[in-house]
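This report concerns only the one structure given below.
Start at 1 with the first residue, then count along the sequence. This is a predicted model, so every value here is computed, not measured.
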Amino acid sequence: MEERNKSVTIKGTVDSVTYRNDDNGFGVIVLDYNGEPLNVVGELGNVEEGEDLELTGAFIRHPKFGDQFRADVCIRTLPAEASAIQRYLAGGVVKGIGPVLAKRIVAQFGDETLEIMENDPDRLTEVEGITKAKAKTFSDEFAKVIGFRSLLMHFTECGIPALYGIRAWKKYAENALELVRRNPYILCSSSIELPFLKAEEIAREKGVPEDSPFRLTAGIKYILEENADAGHTALPQDRLLDLAAKLLGVEPAVAYEAVKREIDEENLFVYLKKNRPFIMLRDYYTAEQYIARRLSIMNSLSYDTKINYDEVIDIAETENGIEYAEKQREAINTALSKGFMVLTGGPGTGKTTTLNAIISLFEQQGLKPLICAPTGRAAKRVSDLTGYDAKTIHRLLGVKAGGEIAGFEHNEENLLDCDVVIIDEMSMVDSLLFEALLRALPIDCKLIMVGDSDQLPSVGAGNVLHDIIESHTVPVISLTEIFRQALESAIITNAHRIVGGEMPVLDNSKDFFFLQRLDFDEAAALTVDLCENRLPKAYGLDPIGGIQVLSPTRKGPLGTVELNKRLQAALNPPSRQKTEIKTFLYTFRVGDKVMQTKNDYEIDWKKGDERGAGIFNGDIGVITRLNRLLGEIEIDFDGRVAVYNTGMLENLELAYAATVHKSQGSEFDAVILPILGGYDKLYFRNLLYTAVTRAKKLLVIVGSKNRLEFMVKNNRRMNRYTCLRQMLCEEAYGAPPEDSGDE
């Protein structure tokens, strides 16, 4: 066997195809290499038996499957000799041609078979059993095969993984190659998702001018999409033009013309706030406009019955042995009389007790409530607390396999069967998801939105709960009284101190601990030791399922990337018995705790006899099986088991440590929070508050008391550019709010 792990180029003929994933091009083949069989793995596209390949990669030894060749680049050549051509056609590459017909065709034309099929298909009628119509069909199918091969070859020459070629073919079919050659930037579209900077490389090689409309449009959309990933549904036009000028190396005036063209073609939209234009991508403009209109209609239809339900609430108190506080009674009354409201409050203020009463009394009125939350963990939590079945919003709407954000089974044409929808953890609901839910509600459906307005906004773009509350267009009941039982928890009392701008009490009592470490390496080492040894020994906690390390940031010595490497080395170290799959940032192995970083509506999962689709941003799971030969990873997301292929790993990361933002909607038995140094803008009060409230039983802060105090005092909220608040006010009052700002 040749030297391992050294990049080499080899040639051979495909003897057999062991495995192929048509979604991402990953394959396992047996190659006839110098007369000997050789296992080859990699993104090989749709290679067939009999094809000649030139592969660049390395010989490796797999712990289970032995010697093999990992191909990084695959250059394909159609078979030239009759015997290879027969094997190629017999494999079913051309629809309608099987082994018997392949033998007859090759017997007739020999080495010229493929040339005749491509350039003189009428001659196929010389073969017994092939009519003129069949010859035309075979020729058309072969043309598609050639087109797809040419596209993948073009991508190989440009250094683009086969995955993107497959996506481009699915979208543009036979026109894909011509379109990509003319405009490489179409590969940046949402369904193909080639990174803009990679498209830039290709465009430069092809000599695309810097002021090409294709380039300007793609660059502007890239900026808006990057900012949407950071939570903004809109950008001020002046800011967008400045960013575009820097990214694209053009004058702002040139960028403005490109923006104007896209607005004229309704690919982008402009919205004025205090006469300052904000630019929005179509999806976010449509979503926020629809949310504003729909909530306005629901508000007008859910008129207050003016009925006082105090007697009903009194009976509920007697039956449940509960005495509701004044604000809780107000919330219950508002829900029953108006059926349209926001219920907000921090931990220990009785939101769950109030919600239980509302649901029970709705049922007594003969109404059918549906309860949902943005994430699986949040849905499970509200189910456990209320005793009522709750689903994720995605499961409630029913994700269509292969669908996009709007690809739900329930929509305007297939409404949900309900009288009331209750959304918990509303602070986590982004603009696109809320739009999808509203579209699926009957027009007279009651809507109760429950959340903590002091928490961070959603992971996805938008600031829906905050915008609704600040618009003053929807009834809002805020619970502020902390109940006696909750006062026994230092986590809860300190959370309220933090949100009120006071330092938490750091007396290391009850369930809230602070351990000072002023050196980054010492703080990181203590974080790992707490997770690996001290907390499991002292409290019997599971390091994987019971303890979660949270960090304000991804970067730096106490960011999630570095902490995950340390924690993985301690909790799930490499061994000769564990197969690994490596990506740019991470090495994955069985037993690893992982997190999905982007909504993927196409991932199939199973949970017992139940089947579904969709794994979403922030979902945490554990790798239960890993097959490197097939490039597959099986992950258990709280009972939902999904199989990932190598092309999907770009949206997966280790999750021993997670950012505070990604932890929203989840609760963990114990949370370890390292706070030391870092970028000031990421260290602010409601981020600290959100982190503290993720802990159910135990919170340990490791780091600097001064940095902790800085966070408490820094009341800079995570501001986002959105237009929903202003749109809500315009729908309700015909004018934007007087104090309308940029965010």
field: Lys606 and Glu610 ion-paired at < 4.0 Å
entry: no
task: Could you verify whether a donor N or O on one side chain and an acceptor N or O on the other, from Asp529 and Asn533, lie under 3.5 Å apart?
output: yes
- prompt: Does some side-chain heavy atom of Met341 sit less than 4.5 Å from a side-chain heavy atom of Ile448?
  reply: yes
- request: First locate atom CZ of Phe668, then atom NZ of Lys697, and finally report the distance between them rounded to the nearest 0.5 Å.
  value: 14.0 Å
Distance-only donor-acceptor check, side chains Ser427 and Asp452, under 3.5 Å: no
- prompt: Is Lys696 atom NZ crowded by more than 12 heavy atoms from other residues, nucleotides or ligands, each under 6.0 Å away?
  reply: yes
- request: Look at the side chain of Asn599 and the backbone N and O of Asn617, then say whether any donor-acceptor pair between them is shorter than 3.5 Å.
  value: yes
- prompt: Does a sphere of radius 6.0 Å around OH in Tyr19 hold more than 12 heavy atoms from other residues, nucleotides or ligands, not counting ones at 6.0 Å or beyond?
  reply: yes
message: Within the 3.5 Å criterion, strictly below it, is a donor on Asp511 or Ser489 matched to an acceptor on the partner's side chain?
response: yes
query: When rounded to the nearest 0.5 angstrom, what distance separates OG1 in Thr353 from CG in Leu479?
result: 9.5 Å
message: Would you say Lys593 and Gln568 are linked by a side-chain donor-acceptor pair, where the criterion is simply a distance under 3.5 Å?
response: no
message: Side chains of Thr233 and Glu288: any donor to acceptor distance under 3.5 Å?
response: yes
field: Under 3.5 Å side-chain donor-acceptor pair for Glu653 and Thr597
entry: no
query: Any side-chain donor-acceptor pair under 3.5 Å between Gln596 and Tyr644?
result: yes
message: Classify the ring geometry of His394 against Phe408: parallel below 30°, tilted from 30° to 60°, perpendicular beyond 60°.
response: tilted
field: Between Gln455 and Thr690: side-chain donor-acceptor atoms closer than 3.5 Å
entry: no
- prompt: Any ion pair linking Arg377 and Asp638 (charged N to carboxylate O, less than 4.0 Å)?
  reply: yes
Donor-acceptor pair between Tyr586 and Asp592 side chains, under 3.5 angstrom: no
